[in-house]
**Q** 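Before I ask anything, let me first share the structure, which is written out below as structure tokens.
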Amino acid sequence: MDKAEIIRALRELSLYLEIDGENPFKIRSYLKAADTLEHTQESIEELINTNKLRELEGIGEAIEKKIISLYKGEPVPALEKMRNKYPESLLSLFSIPFLGGKRIKVLFEHLNIKTIEELKNACLEGKIANLPGFNKKIENKILKGVELISKWEGFHLIDKGYEIANEIVNKIVGISNIDEVYIVGSVRRFTETINNVDIMVVTQDKSEVIKKIEKELDITTSQKSDSNSVEFIYKNIKLNIHFSEPHNKYTKLFYYTGSKDFVEKYKFALKRKGFEVDKEFNIFHHKNRIEVLSENAIFELLNEPYLPPEVREILYEEDILKKRIDRLIKEGEIKGIVHCHSNYSDGHNTIEELAEYCKDNGYEYLVVCDHSQSAGYAKGLNIDTVRKQHDEIENLNIKLKPFKIFKGIECDIRLDGTLDYPNDILTTFDIVVVSVHSKLEMDENIATQRITCAINNPFTHILGHPSGRLLLTRAGYPLNYEKIFDECLKNNVAIEINAQPQRLDLDWKNVYKGMCRGLKFVITTDAHDIPDMRYLSYGVSIARKGLLTPEDVLNTYPAEEFINWFKKKKR
DNA sequence: GCCGTTTTCGGCCCGACTGTTTTCAGTCG
């Protein structure tokens, strides 16, 4: 087994033990060990061969033994026992809100419920309200959760899409008879979630290439196909391989990148200009096929500016789009990394390690934002720890000069809209990011009021992950965005674009709307370790989809300008 | 399960919400 599979097995075991009613600390120890392994740079081979597993936090004798067995592909008795006792499909029930190990066990033992489908039917028949640990309200909440999960079935986060798309490109690009390979579809356009990966292959020998791709990817079940595309399932994701020939690769690149509505709009515009467009997006003029030598050439036919894939959507006002399209923000323009967690709270790196990473990668500043005191689950900082952290930052600022570390905090917004520290502590931070982490079940009025109150707090600088959504897991609370945007403008508060792939919050459509109202943004990594820093590019893609330019994004500003923007605040 | 030790075993992250069981179990972040 490789490292990822071992980590999955440890987490699987912890879920089984939760159903089995084991000691909660034992359950947590497997999760902790999996977490540690995930955040360790060394390969699993190295850790085992140099006997270093036990040196890692949370890995003792028993878990070490299990990891070694898993690595060698030998059975782990504890895991085998659980797999024999409970069906594997039972674990999928953990994705439903309000279902934990205890209730899942009751469902299994009383009604033999093993799948989400069976759970849904039992809810609809009103069978679970009377079970021990359940009631009518919980039954309704579970049914609601099941319906949400079903809506997202088959969808994946964009990072998974990228990972799979790149893996496929790397695997097939060397196949003889393939001229070129492109990532197309929603992955190329950077939608936050995807339900398939689209790859376009340029070849003159389609049937031969299909066979070779099947062999290379070890997939044989071609689900359905037409003359241009073949559909497979690869690692649980729907994979479409589209084909083009060298002479029509750019029109097909445009066509398969989409979005569907965007392509339709351009097709219509071409027809209005006197061109003919066939089903495969070949373009003709007076029956003569036009040689299209780049994607840009399609835009030129319409005297339109080239639009990068991220903005090939139907949303924008034409004049706003045209004014901004040449100046869309680029990743290289980001000068400071904002909202990172250190090992003071639930991050895995020291502040110095984070700062060194930023420095080495050419950034000018870092804003450390650990969790505030009421976030006990994430080791939120009490007041003494805040002071200790500030001393450390001051010392590091002397050591690392001219690199600058700002004292930030991700401060919880409490249910009544107040912040999680008294004013005399809030005033010691350079940057206060305010976020909602708990009590998320709110209607639009309550949520808007709570967040408005936090925006109006004189110490607030940035509103963090505004919607509270976790993509494909949790919808987040509804908000009156117009009101929130206006309050931010009034109070000189910026809005975060959180680049974590499960958040991507603020949503790009709202980024566009906020930009139109004149809001300022900060693209943050919300990194909990150094590898998480790679997500910055995701945040930049969301900003580009929202048509942001560097002027709209405060962390493209040099350190002094960045911090001065917030000083305009009236206290 | 792990960890730190008074090296044999107690503590481990915890406050808040929910529904209803008026004292707590289950779940969540």
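Computed from a prediction, not measured in an experiment: that's the story for all the values here. Each chain gets a letter, A, B and so on, in the order the sequences are listed, and its residues count up from 1.
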**Q** Between B:dG19 and B:dT7, how far apart are the two P atoms, rounded to whole Å?
**A** 49 Å

**Q** Could you check how far CG of A:Leu381 sits from C1' of B:dC14, rounded to whole Å?
**A** 16 Å

**Q** What is the distance from CG of A:Leu99 to C1' of B:dT18, rounded to the nearest Å?
**A**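 Whole-Å distance recorded here is 15 Å.
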
**Q** Please list, in numerical order, the residues of residues 63-81 of chain A that have a heavy atom closer than 4.0 Å to any atom of DNA chain B.
**A** A:Ile63, A:Lys66

**Q** If we take the P atom in both B:dA25 and B:dT21, what is their distance in whole Å?
**A**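 Per the computed distance, 14 Å lies between those P atoms.
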
**Q** Roughly how far apart, to the nearest Å, are B:dG15 and B:dC9 at atom C1'?
**A** 28 Å

**Q** Are A:Ser43 and A:Glu45 close enough that a side-chain donor and a side-chain acceptor fall under 3.5 Å?
**A**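 Yes, side-chain donor-acceptor contact under 3.5 Å.
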
**Q** Could you go through residues 74-84 of chain A and list every donor-acceptor pair under 3.5 Å that involves a side-chain atom there, pairing it with any protein atom two or more places apart or in another chain?
**A**
from, atom 1, to, atom 2, distance (Å)
A:Arg83, NE, A:Glu12, OE2, 2.9
A:Arg83, NH2, A:Glu12, OE1, 3.0
A:Arg83, NH2, A:Glu12, OE2, 3.3
A:Asn84, ND2, A:Glu80, O, 3.2

**Q** Roughly how many Å is it from CD in A:Glu57 to C1' in B:dC12, rounded to a whole number?
**A** 12 Å

**Q** Short of 4.0 Å, heavy atom to strand atom, which residues of residues 15-26 of chain A count as contacting DNA chain B?
**A** A:Asn23, A:Phe25, A:Lys26

**Q** Assess, by modelled atom type and distance only, whether the side chains of A:Asn456 and A:Asn491 contain a donor and an acceptor separated by less than 3.5 Å.
**A**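 Short answer, yes.
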
**Q** Check for a donor-acceptor pair, side chain of A:Glu55 on one end and backbone N or O of A:Lys52 on the other, with a separation under 3.5 Å.
**A** no

**Q** Any chance CG of A:Asn236 has more than 12 other-residue heavy atoms, nucleotides or ligands included, within less than 6.0 Å?
**A**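 Count not over threshold, so no.
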
**Q** Any non-hydrogen side-chain atom of A:Phe485 less than 4.5 Å from a side-chain atom of A:Leu506?
**A** yes

**Q** Could you check if a side-chain atom of A:Ile337 sits within less than 4.5 angstrom of a side-chain atom of A:Asn361, using non-hydrogen atoms only?
**A** no

**Q** Roughly how many Å apart are B:dG11 and B:dT6, using the P atom of each and rounding to a whole number?
**A**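 It comes out at 14 Å once rounded to the nearest Å.
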
**Q** Please state the P separation for the pair B:dT5 and B:dC13 - nearest whole angstrom.
**A**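 These two P atoms come out 15 Å apart once rounded.
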
**Q** Assign A:Arg54 to base, sugar-phosphate, or nothing according to its heavy-atom contacts below 4.0 angstrom with the strands shown.
**A**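 Here A:Arg54 touches no strand at all.
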
**Q** Side chain of A:Leu415 only, please: which of B:dT18, B:dC17, B:dG1 is the nearest?
**A**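 For A:Leu415, the side-chain atoms sit closest to B:dC17.
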
**Q** I'd like the C1' distance from B:dT8 over to B:dC3, given in whole Å.
**A**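 It comes out at 13 Å once rounded to the nearest Å.
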
**Q** What parts of residues 27-37 of chain A reach DNA chain B, counting only heavy atoms under 4.0 Å away?
**A** A:Arg28, A:Ser29, A:Tyr30

**Q** What nucleotide, of B:dG26, B:dG19, B:dC28, holds the atom closest to the side chain of A:Arg103?
**A** B:dG26

**Q** Take atom C1' in B:dC24 and the same atom in B:dG10, then report the distance between them in whole Å.
**A**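 To the nearest whole Å, 24 Å.
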
**Q** Can you tell me the pairing partner of B:dC14 across any strand shown, Watson-Crick or G-U wobble, with both distances under 3.5 angstrom?
**A** B:dG29

**Q** Given atom CG of A:Leu440 and atom P of B:dC17, what is their separation to the nearest angstrom?
**A**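 Distance, rounded to whole Å: 12 Å.
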
**Q** Is the side chain of A:Ser342 donor-acceptor paired with the backbone N or O of A:Tyr344 at a distance under 3.5 Å, no angle test?
**A** yes

**Q** Would you mind reading off the distance between A:Phe98 atom CZ and B:dC28 atom P, rounded to a whole angstrom?
**A** 7 Å

**Q** Could you check if a side-chain atom of A:Ile431 sits within less than 4.5 angstrom of a side-chain atom of A:Phe562, using non-hydrogen atoms only?
**A**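 The answer is yes; the side chains approach within 4.5 Å.
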
**Q** Over how many whole Å does the gap from A:Lys102 atom NZ to B:dT27 atom P extend?
**A** 7 Å

**Q** Give a yes/no on whether any side-chain N or O of A:Asn135 is located under 4.0 angstrom from OP1 or OP2 of B:dT18.
**A**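 The answer is no; no side-chain N or O of A:Asn135 sits under 4.0 Å from OP1 or OP2.
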
**Q** Any luck finding a side-chain donor-acceptor pair between A:Thr525 and A:Asp532 under 3.5 Å?
**A** no

**Q** Using a 4.0 Å heavy-atom cut-off, does A:Leu470 contact any base of the nucleic acid, only the sugar-phosphate backbone, or nothing at all?
**A**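 Counting heavy atoms under 4.0 Å across all strands, no contact is made by A:Leu470.
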
**Q** Check whether any side-chain N or O of A:Thr448 sits under 3.5 Å from a backbone N or O of A:Glu444 as a donor-acceptor pair, and report yes or no.
**A**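 Judged by distance alone, yes, a pair lies under 3.5 Å.
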
**Q** Tell me yes or no: between the side chains of A:His465 and A:Glu410, is some donor less than 3.5 Å from an acceptor?
**A** yes

**Q** Between the side chains of A:Glu496 and A:Asn498, is a donor N or O closer than 3.5 angstrom to an acceptor N or O?
**A** yes

**Q** To the nearest Å, give me how far apart CD1 (A:Ile59) and C1' (B:dC12) are.
**A**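 Whole-Å distance recorded here is 17 Å.
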
**Q** Please state how far atom CD1 in A:Ile142 lies from atom P in B:dG19, giving the value in whole angstrom units.
**A** 12 Å

**Q** Could you check which residues of residues 106-134 of chain A get a heavy atom under 4.0 Å from DNA chain B? Sort them by number, please.
**A** none

**Q** Do A:Glu57 and A:Thr36 meet the criterion of a side-chain donor-acceptor pair at a distance under 3.5 Å?
**A** no

**Q** Considering every strand and a 4.0 Å limit on heavy-atom distances, what is the contact class for A:Ile138: base, sugar-phosphate, or nothing?
**A**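 Nothing, no nucleic acid heavy atom in range.
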
**Q** Can you sort out the partners of A:His341 under ring pair (Phe, Tyr, Trp, His ring centres under 6.0 Å), two or more places apart, ordered by chain and number?
**A** A:His339, A:His371, A:His528

**Q** Expressed in whole Å, how much space separates the C1' atoms belonging to B:dT18 and B:dT22?
**A**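 After rounding to an integer number of Å, I get 15 Å for this pair.
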
**Q** Do the side-chain N and O atoms of A:Tyr535 and A:Asp526 include a donor-acceptor pair separated by under 3.5 angstrom?
**A**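 No.
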
